[in-house]
Amino acid sequence: MVSSRGEDHRGEGLVEFGHGQDVVRRSVTRDELIAMLREETPACGPARDALIAGGDFVVWDRLVPANGHTGVFRARMRHSLKRGHTIDGLAGSVDILKRAGEEPLRTGSIDAVDKSSVFTIFLNSTATVVLACCGGRRPTTMEAADAPE
């Protein structure tokens, strides 16, 4: 992945934490992220497999309160169900985000090597624990066209 700053972040997720001159910048390695993806939600296993296979990933350095994601992902869940498309781990992720309340979280993304699957990950503020993960196979054009309104 290439960041908006033009930096190449394939194979590592760069994160910053701290304030002012105390900002610490560290990278999240592929191996660290693989180890962090346990069984928080059903999407963690497939996301871990995508990383092991060499998929791209990024962890963004922006912190957002967990409840700032809850409404967005709850709406995404309703929309996907209405269209007949399930997103692995989405309901569990929404529950986890709701319980986390104001806790500042980092988000990230994992793409399968062949781009057939994509996952959203939610990490604690220091990017040392994956709290939730959702995603899975991208719908094909035909699946999207055939989905009920």
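The shown structure was predicted, so the numbers you read here are calculated from the model rather than taken from an experiment. Atom set for the values below is all heavy atoms of this structure, side chains included, hydrogens, waters and symmetry mates excluded.
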Salt bridge present between Lys115 and Asp56 (N-O < 4.0 angstrom): yes

Hydrophobic cluster membership, Val28 vs Ile34, 4.5 Å side-chain cutoff: yes

Side-chain donor-acceptor contact under 3.5 Å, Thr29 with Asp31: no

Reported CD1-to-CZ distance for the pair Ile96 and Phe73, which is rounded to 0.5 angstrom: 12.5 Å

Expected output: side-chain Thr41 to main-chain Cys133 donor-acceptor under 3.5 Å: yes

Sequence-distant partners of Arg48, salt bridge (Lys or Arg N to Asp or Glu O under 4.0 Å), two or more places apart: Glu39

Heavy-atom closest pair, residues Ala43 and Cys134: CB-CA, 3.7 Å

Same apolar cluster: Phe57 and Val118, side chain cutoff 4.5 Å: no

Value rounded to 0.5 Å, distance of CG in Leu123 from CZ in Arg106: 8.5 Å

From Leu131 atom CG to Thr107 atom OG1, the distance as rounded to the nearest 0.5 Å: 12.0 Å

With sequence neighbours excluded, residues passing side chain to side chain donor-acceptor pair (under 3.5 Å) with Asn67: Glu102

Atom of Val59, atom of Ala127 and distance for their closest heavy-atom approach: CG1-CB, 4.4 Å

Ion pair check, Arg138 and Asp111, cut-off under 4.0 Å: yes

